[in-house]
Structure formats: structure tokens, C-alpha cells
Engineer: 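Next up is a structure, given as C-alpha cells.
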Amino acid sequence: MTATAASFTAARHRARTGGPDDGPKLLEHVLGWTLVVVVAMLVTQLGLL
């Protein structure tokens, strides 16, 4: 087995984390940063920072 074939086989058999296979990465990042901003606004409005 060549090194390329071995790395391809290893990449196909990664540990599963339960997440989506090939989800929309851009949407996931936008929603994540939106959540960060909302939490930051909540913290500052409540005077916790």
C-alpha cells in the first residue's frame, strides 16, 4: 500500500463525532458568531462585565 492510499484510507475512517457529514460550513459559522454576539450583548446589558 502506498503512502497516498494509506492516508486516503485513514481519512475515510475517521472517528465519528455525531455531527453532520458535510453540512453548510458558512451557515454554521455565521450562526455560531451570532450566538457569541447575542451572549456578549446579554452579559453587558445585565451588567455582568
Side-chain angles (χ1 to χ4, degrees):
M1 181 182 299
T2 64
T4 304
S7 64
F8 179 73
T9 302
R12 289 180 52 99
H13 296 296
R14 290 184 296 214
R16 300 290 299 163
T17 59
D21 291 332
D22 291 314
K25 299 290 184 188
L26 179 62
L27 179 63
E28 184 178 341
H29 283 115
V30 168
L31 291 176
W33 280 108
T34 302
L35 178 64
V36 168
V37 170
V38 168
V39 169
M41 288 170 47
L42 179 66
V43 166
T44 55
Q45 287 293 320
L46 292 176
L48 300 175
L49 183 63

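Numbers here simply count residues along the sequence, with the first being 1. The figures that follow rest on heavy atoms only: side chains count, while hydrogens, waters and symmetry mates do not.
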Engineer: What residues, two or more places apart in sequence or in another chain, satisfy side chain to side chain contact (heavy atoms under 4.5 Å, CB included) together with Leu35?
Structural biologist: Val39

Engineer: What side-chain donor-acceptor pairs closer than 3.5 Å can you find for residues 42-49, not counting sequence neighbours?
Structural biologist:
residue, atom, partner, partner atom, Å
Thr44, OG1, Ala40, O, 3.1
Thr44, OG1, Met41, O, 2.9

Engineer: Please identify each residue that fulfils side chain to side chain contact (heavy atoms under 4.5 Å, CB included) with Leu27, with sequence neighbours left out.
Structural biologist: Pro24, Leu31

